[in-house]
Amino acid sequence: MDIQGIREALLRRPFESFSICLADGRSLDVPHPEMVAVGKRRIIVVEPDDSWMVIEPLLIVSLDYNGKRRRRTNRQKKGKT
């Protein structure tokens, strides 16, 4: 998953909560877009208890929406609508 894919998920309107699934099997819930900060090379996810973690985008396997994986189509990858 690339950083642009995370940005797109955070900017969706209306926002739809999702989970970030990592290569090691962990899953991080994102109930609100303000719980994630996206930098040039890192992603910071804030947990409900105010703890936070820095995530390497290369470790993100998928984004799950309500238990369903959203896969980008070739059109979306190329920026076409």
Side-chain angles (χ1 to χ4, degrees):
M1 174 69 56
D2 60 2
I3 287 183
Q4 185 58 33
I6 299 294
R7 284 190 180 111
E8 290 171 8
L10 294 170
L11 294 173
R12 287 177 57 104
R13 295 297 177 256
F15 177 77
E16 187 178 346
S17 63
F18 61 93
S19 296
I20 299 172
C21 300
L22 303 177
D24 65 3
R26 290 182 292 160
S27 179
L28 307 171
D29 292 330
V30 180
H32 194 275
E34 293 179 358
M35 303 300 281
V36 177
V38 180
K40 291 182 180 179
R41 294 186 181 97
R42 300 287 187 271
I43 297 169
I44 298 172
V45 179
V46 179
E47 296 289 324
D49 65 357
D50 281 340
S51 63
W52 53 276
M53 59 187 74
V54 178
I55 304 297
E56 180 68 42
L58 292 174
L59 297 178
I60 299 173
V61 177
S62 68
L63 303 182
D64 288 353
Y65 292 80
N66 297 325
K68 298 178 183 177
R69 287 190 176 162
R70 289 184 67 91
R71 297 189 185 270
R72 294 185 345 166
T73 64
N74 285 336
R75 277 192 158 159
Q76 290 171 325
K77 287 181 183 177
K78 295 178 183 178
K80 296 179 182 177
T81 55

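A quick note: this is a predicted structure, and the numbers were derived from the prediction, not measured. Computed over heavy atoms, backbone and side chain alike; hydrogens, waters and symmetry mates excluded.
Nearest approach of M35 to P48, heavy atoms of both residues: CE-N, 4.4 Å. For the residue pair V54 and R42, the shortest heavy atom distance occurs at CG1-CD, 3.8 Å. Heavy atoms only, all atoms of each residue included: D64 and S62 are closest at OD1-OG, 3.3 Å. What you find for M1 and I6 is that their closest heavy atoms are CG-CD1, 4.1 Å. In this structure, I44 and W52 approach most closely via the heavy-atom pair CG2-CE3, 4.1 Å. Of all the heavy atoms in G39 and R7, the pair that sits closest is O-NH2, 3.3 Å.
Rounded to the nearest 0.5 Å, atoms CG (L10) and CD (E16) are 12.5 Å apart. How far CD1 of I60 is from CD1 of I43: 3.5 Å, rounded to the nearest 0.5 Å. Distance check: D2 CG to L58 CG gives 10.0 Å after rounding to the nearest 0.5 Å.
Under a hydrophobic clustering in which Ile, Leu, Val, Met, Phe, Trp and Tyr are joined whenever their side-chain heavy atoms come within less than 4.5 Å, directly or via other members, F15 and V46 fall into different clusters. Both M53 and L22 belong to a single network of hydrophobic side chains, linked directly or stepwise wherever heavy atoms of I, L, V, M, F, W or Y lie under 4.5 Å apart.
Under the 6.0 Å distance and 45° angle rule, R12 does not count as a cation-pi partner of F18.
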Listing, residues 23-31 side-chain donor-acceptor contacts under 3.5 Å, not counting sequence neighbours, or none:
| unit_1 | atom_1 | unit_2 | atom_2 | d |
| --- | --- | --- | --- | --- |
| D24 | OD1 | R26 | N | 3.0 |
| D24 | OD1 | R26 | NE | 3.3 |
| D24 | OD2 | R26 | NE | 2.8 |
| D24 | OD2 | R26 | NH2 | 3.2 |
| D29 | OD1 | S19 | OG | 2.7 |

